[in-house]
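Data block below; observations after.
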Protein chains: 2
Amino acid sequence: MAPKGVGYMPRLDLDGNSGYFNSLTDRIFKQIENDILYGKYQPGDSLIETKLSRELNVSRTPIREALRQLEREGLVQSIPNKGVIVKGISVQDIEDIYTIRMMIEGLAARWAAEKITEKEIEELKEVVDLEEFYTTKNDPSHLLKFDSRFHEILFRASKSKPLMHMLSMFHHYIQRARNISLSTPERAQKVLEEHKAILKALMERDAEKAEKLTNEHIKNASINFLKHKEEIEKL
Amino acid sequence: MAPKGVGYMPRLDLDGNSGYFNSLTDRIFKQIENDILYGKYQPGDSLIETKLSRELNVSRTPIREALRQLEREGLVQSIPNKGVIVKGISVQDIEDIYTIRMMIEGLAARWAAEKITEKEIEELKEVVDLEEFYTTKNDPSHLLKFDSRFHEILFRASKSKPLMHMLSMFHHYIQRARNISLSTPERAQKVLEEHKAILKALMERDAEKAEKLTNEHIKNASINFLKHKEEIEKL
DNA sequence: CTTTGTATAATTGTATACAATTATACAGTG
DNA sequence: CACTGTATAATTGTATACAATTATACAAAG
């Protein structure tokens, strides 16, 4: 089932670089977002268009468009005629997001169990296989990617645009914290088992069980986060 | 308490036009968003930059920036090199949003009860007074505005950026449905009473009660929405 | 009649120019 | 020394120019 051999390079979507960079604006957006999420730009920093323009070797137009998008996401704040300052995601924000997810993500699993397609189940199976592979290989960065993908597919399977939109955003925002969690082999192993159980419930179309298992999954993730909170606070 | 007299024009924030149009991009964004929310642009329509540019008498730059923002909100979808098409908010989306709000908005009220400031309580009092005024005057469009403001203040009082962000967005998206609800005098009256009760709980810093009352408030709103669902589907 | 190729038009993507606004430095004044 | 006014620079806001891509119309071929 799981890919074998050391040199094997699994491919689901070109190297996991999902969302090939379509336009410059898109690439710039992801770049700056990442730099905010991983602390290159700290809260309070001001982002100057011409400077970013020089650094990233593009004109101001795509920079501005990216900044407007980041503003909508709440990652930066734009003050008219003055500039944009970084807001970022605080540790408190992450804690809040876990609390919200505990109340909502089970609903996504419930709806997914009712509406998931065969194709989506196949996608999930493949992702879980890859998670197994990278768990044994102890590779947190790939794990993070496929953990993201697992939840993305789940959200998509719920067939609810608002739910999907909101949960994707939240999940994406807390990736720094998730990265740290998945770096602990025990937690990584636990995540894998929980995903397997959720997948099983989805395959059986057992909405009740899928909801319950997912709620527990998020609860465990939340507990794990609280354990590592100080560690994250240092960044 | 409540403003008296027929000609009285209450002012909390210049005519309720909250968020004076800062930049062109901002104005254009709100304009197009509104036109999508109220059905001028229907799902599937394609938005052409030059056309919008002519219609709104601005250059393409602010149009593009606004469209990129709308894309982030999920209200439009942009296909690289082809253009943007309207997605909009479907009746199913609205129903989902009510379901999500039923699970989350109580949390906002709970946190608000714990963290609300005196200033915010004063703001809420004033808003409730105005709601009372416009309820007796039977003025749905003003009611919608102050209903929005009531919830916005509540979200803000929770002191949670993610919660606030998400609930504001949702609340904003379903305004067409809320507008119809508030046009029914009985529902308008009920909303007023529920807001008063929530405000009272907040003033008493009774988190438990605030949460419970808010959950009931959303539940009632949801029930009311489902009653008017067909009516909204026609638009 | 359908299909395919190609020129033309329409549209989006990116860069740049200019205007408006805000920040900074510094001299003069009390 | 603090404060204020003003010139200059830095930065953002908007419009436009040009390039790249995609859609459309229409003729030629099968």
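Fair warning: this is a prediction, and the values are worked out from it, not measured in the lab. Just so it is clear: chains get the letters A, B, ... in the order the sequence lines come, proteins before strands, and each one is counted from 1.
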Subject >> Pairs satisfying salt bridge (Lys or Arg N to Asp or Glu O under 4.0 Å), at least one member in residues 103-113 of chain B, at least two apart >> reply: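 Sorted pair list: B/Arg101-B/Glu105, B/Arg110-B/Glu208, B/Arg110-B/Glu211.
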Subject >> Summary of ring pair (Phe, Tyr, Trp, His ring centres under 6.0 Å) pairs that have at least one residue in residues 66-104 of chain A, sequence neighbours excluded >> reply: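 For residues 66-104 of chain A, and leaving out neighbouring residues, the ring pair (Phe, Tyr, Trp, His ring centres under 6.0 Å) pairs sorted by first residue read A/Tyr98-A/Phe225.
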Original post:
Which ring pair (Phe, Tyr, Trp, His ring centres under 6.0 Å) pairs, counting each pair once, include a residue from residues 64-83 of chain A, with sequence neighbours left out?
Top reply: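 Ring pair (Phe, Tyr, Trp, His ring centres under 6.0 Å) check on residues 64-83 of chain A returns no pairs.
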Subject >> By salt bridge (Lys or Arg N to Asp or Glu O under 4.0 Å) - contacts of A/Lys115 (at least two apart) >> reply: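 So A/Lys115 forms no salt bridge (Lys or Arg N to Asp or Glu O under 4.0 Å) with any residue.
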Which pairs of donor and acceptor atoms, one on a side chain in residues 72-83 of chain A, lie under 3.5 Å apart (sequence neighbours left out)?
| unit_1 | atom_1 | unit_2 | atom_2 | d |
| --- | --- | --- | --- | --- |
| A/Gln77 | OE1 | A/Lys87 | NZ | 3.4 |

Original post:
Do any side-chain nitrogens or oxygens of B/Ser59 fall under 4.0 Å of OP1 or OP2 in D/dA15?
Top reply: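 For D/dA15, OP1/OP2 do have a side-chain N/O of B/Ser59 under 4.0 Å.
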Subject >> Partners passing ring pair (Phe, Tyr, Trp, His ring centres under 6.0 Å) against A/Tyr41 (at least two apart in sequence or in another chain) >> reply: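 Partners of A/Tyr41 under the ring pair (Phe, Tyr, Trp, His ring centres under 6.0 Å) test: none.
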Original post:
Once each nucleotide of nucleotides 8-13 of chain D is scored for protein heavy atoms under 4.0 Å, what B/S/- sequence comes out, 5' to 3'?
Top reply: ---SBB
Original post:
Which atom names give the shortest non-hydrogen contact between A/Phe146 and A/Val127, and what distance separates them?
Top reply: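 That closest heavy-atom pairing would be O-CG1, 3.3 Å.
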Original post:
Excluding sequence neighbours, so at least two apart, what forms side-chain contact (heavy atoms from CB on, under 4.5 Å) with A/Lys40?
Top reply: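 A/Lys40: side-chain contact (heavy atoms from CB on, under 4.5 Å) contacts with A/Asp35.
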Close N or O pairs between protein and nucleotides 5-7 of chain D (under 3.5 Å):
none

**OP:** Whole angstrom is fine here: how far is it from CG in B/Leu56 over to P in D/dA15?
**Re:**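 Rounded to the whole Å, the gap is 11 Å.
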